[in-house]
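Read the structure below first, then the notes.
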Amino acid sequence: MTTTIKLPEGECLVMRDGKVEPATQPIIGFVEGDGIGPDITKVCLGVWDAAVRSVYGDKRRVAWCELFMGEKAASLFGGNPFPDETLAAIRKLKVAIKGPLGTPVGTGIRSLNVALRQKLDLYACIRPVRYYQGVPSPMKQPEKLDIVIFRENTEDVYAGIEYASGTPENRRLADFLRQEMQASFFEDAGLGIKPISPFASKRLVRKAIRYALEHGRKSVTLVHKGNIMKFTEGAFRTWGYEVARDEFAQETITEEQVNKECGGQPPAGKVVINDRIADIMFQLLLLRPEEFDVLATPNLNGDYLSDATAAQVGGVGIAPGANVGDEAAVFEATHGTAPKYAGQDKVNPGSLLLSGADMFEFIGWHPVSAVLRAAYEKTVRDGIVTYDFARQMTGATEVATSAFGQAVIERLSAVAQS
């Protein structure tokens with residue numbers, strides 16, 4: 001069985017240089033996702049529509065367009081989990097949001113999420129990490145952490161080239177490395193190559209700096225392992241500083257300049273560019289999280305840091321995320337499909353819900369984003385939570401996914417008027 005994606009009445013968004021032009025009835029694509037995806041997507045669509053009404057009444061609305069990836073796509077498109085129609089629709093609509101996706105066993109796609117990012121050149125994985133009052137956290141002062149991670153999405157391990165131990169290809173590469181390049185490593189080692197280029201590194205850092213300038217952030221930290229991998233991660237650091245120097249000289253200043261020329265006090269209005277070694281960054285974000293603002297990282301470092309910092313403020317179950325390029329943006333739930341809970345109306349919709357808040361900010365509907373976050377926070381602060389939070393809290397009221405969404409909706413009007 002095959003199907004055709006039909007666009008509803010509305011406006012296809014226009015995106016120029018990574019920014020969306022204003023629209024009052026944008027068509028936005030959504031993918032339910034696999035496992036718990038349908039449960040949380042249905043609830044979030046209702047909350048998002050209610051948030052728009054609470055701010056704009058009938059003056060604006062989203063025209064939602066269902067797109068297909070994962071298991072549902074495979075059932076509709078002859079076994080294909082990532083149909084060309086979905087890819088073409090996202091290119092046309094520019095903005096979409098999706099639930100979690102599994103990767104069907106037996107297909108040639110290593111990861112649907114990675115394939116989506118690469119085919120649409122969504123080179124920046126953007127993960128805001130902040131604390132919402134009332135959310136259970138293992139930290140004493142989780143509110144000190146308020147960062148945005150820009151993780152490069154197209155290179156490093158995502159473009160990794162590997163040769164398995166014992167294969168003819170592995171032996172050929174091993175012989176070349178030993179004989180021609182005088183490299184030394186153990187026999188029968190699996191071999192991998194991680195490409196990191198100036199083009200991809202610079203555009204990622206450029207986007208991070210622009211974000212910092214547009215959102216009043218104080219610093220951009222380049223996170224790398226350049227003390228060991230000098231010509232990949234060390235180069236990422238070098239190219240990041242070059243972008244700041246060559247393209248943002250009037251708006252930025254390096255940490256070294258601050259210490260040498262400004263007595264350690266950054267000039268007003270300037271974004272500080274600094275860098276930290278990846279391993280020490282984990283410690284610093286635990287001990288002194290308030291010192292950091294925007295992080296720009298190669299792929300693997302950003303993957304680790306995104307989940308580790310999310311754990312400090314409630315976990316990936318409420319961590320929003322987006323994959324953004326210059327011509328399209330896809331927002332997403334950052335957690336897995338949790339198939340054992342599928343269809344039970346049980347799980348926390350926070351990750352997808354808050355990704356929607358980021359999406360509304362991205363399309364310029366800032367008041368909608370603000371009321372969504374405020375209503376979500378008030379709901380949790382009132383002790384109305386799903387099972388994952390209820391088991392960590394005293395006196396909380398445990399509710400189903402749908403009931404949690406309704407509780408958020410009930411608080412939208414109050415926060416919109418405050």
Open item on the list: Show me the pairs that pass side chain to side chain donor-acceptor pair (under 3.5 Å) and involve residues 258-273, at least two apart or across chains.
Closed with: Glu256-Lys260
- [ ] Hey, can you tell me if Trp365 and Phe360 have their rings parallel, tilted or perpendicular (30° and 60° cut-offs)?
- [x] parallel
Task: All side-chain hydrogen bond (donor to acceptor under 3.5 Å, both in side chains) counterparts of Glu242, not counting sequence neighbours - done: Lys202
Open item on the list: According to salt bridge (Lys or Arg N to Asp or Glu O under 4.0 Å), who are the partners of Lys94, at least two apart in sequence or on a separate chain?
Closed with: none
Task: Over 12 non-hydrogen atoms of neighbours within 6.0 angstrom of NZ in Lys42 - done: no
Task: Closest non-hydrogen atom pair between Pro100 and Ile36, with its separation - done: CG-CG1, 4.2 Å
Task: side-chain hydrogen bond (donor to acceptor under 3.5 Å, both in side chains) partners of Asp388, counting only residues at least two apart - done: Asn348, Thr386
Task: Candidates Thr221, Val220, Ile253 - the one meeting side-chain contact (heavy atoms from CB on, under 4.5 Å) with Val272 - done: Ile253
TODO: Report yes or no: does Thr41 contribute a side-chain atom to a donor-acceptor pair with the main-chain N or O of Glu32 at less than 3.5 Å?
DONE: yes
Open item on the list: With a 3.5 Å distance limit and no angle check, can you tell me whether Asp34 reaches the backbone of Gly102 through a side-chain donor-acceptor pair?
Closed with: yes
- [ ] Could you tell me whether the side chain of Glu361 and the main chain of His366 form a donor-acceptor pair under 3.5 Å?
- [x] no
Task: Atom pair CG/NZ of Leu286 and Lys144 - distance to nearest 0.5 Å - done: 12.5 Å
- [ ] For residues Ala244 and Thr252, report the shortest heavy-atom separation together with the two atoms involved.
- [x] O-OG1, 3.5 Å
- [ ] Kindly confirm or rule out a cation-pi arrangement of Arg130 over Tyr132, judged by NZ or CZ under 6.0 Å from the six-membered ring centre and within 45° of its axis?
- [x] yes
What pairs of donor and acceptor atoms, side-chain ones from residues 15-23 against any protein atom, are under 3.5 angstrom apart with sequence neighbours left out?
unit_1	atom_1	unit_2	atom_2	d
Arg16	NE	Glu21	OE2	2.4
Lys19	NZ	Glu214	OE2	2.7

- [ ] Mind jotting down which residue pairs meet the ring-ring contact (aromatic ring centres under 6.0 Å, His included) criterion with at least one end in residues 191-242? Sequence neighbours excluded, please.
- [x] Phe150-Tyr211, Tyr211-His215
Task: Test item: Gln257 side-chain N/O and Thr254 main-chain N/O as donor-acceptor pair under 3.5 Å - done: yes
TODO: Just grab all the ring-ring contact (aromatic ring centres under 6.0 Å, His included) pairs involving residues 268-321, residues at least two apart or on different chains.
DONE: none
TODO: Answer yes or no: does atom CD of Glu327 have more than 12 heavy-atom neighbours from other residues, nucleotides or ligands under 6.0 Å?
DONE: no
Open item on the list: What I want to check is whether the side chains of Tyr158 and Arg151 have a donor and an acceptor closer together than 3.5 Å.
Closed with: yes
Task: Residue pairs passing the ring-ring contact (aromatic ring centres under 6.0 Å, His included) test where at least one lies in residues 322-356, sequence neighbours excluded - done: Phe331-Phe362, Tyr341-Tyr387
Open item on the list: Any donor-acceptor pair under 3.5 Å linking the side-chain atoms of Asn323 with those of Glu332?
Closed with: yes
Task: Pairwise side chain to side chain donor-acceptor pair (under 3.5 Å) hits with a residue in residues 279-298, at least two apart - done: Arg217-Asp293, Lys225-Asp279, Arg288-Glu291
Open item on the list: Using the side-chain contact (heavy atoms from CB on, under 4.5 Å) criterion, which residues pair with Thr401? Sequence neighbours excluded.
Closed with: Ile40, Val43, Asp345, Val347, Pro349
Open item on the list: Restricting to non-hydrogen atoms, name the atom on Cys65 and the atom on Pro8 that form the minimum distance, rounded to 0.1 Å.
Closed with: CB-CD, 3.7 Å
- [ ] State which residues pass side-chain hydrogen bond (donor to acceptor under 3.5 Å, both in side chains) with Thr154; sequence neighbours excluded, sorted by chain then number.
- [x] Glu152
- [ ] Indicate whether the side chain of Lys194 and that of Asn299 have a donor and an acceptor atom separated by less than 3.5 Å.
- [x] no
Task: Ser165: partners by side-chain hydrogen bond (donor to acceptor under 3.5 Å, both in side chains), with sequence neighbours left out - done: none
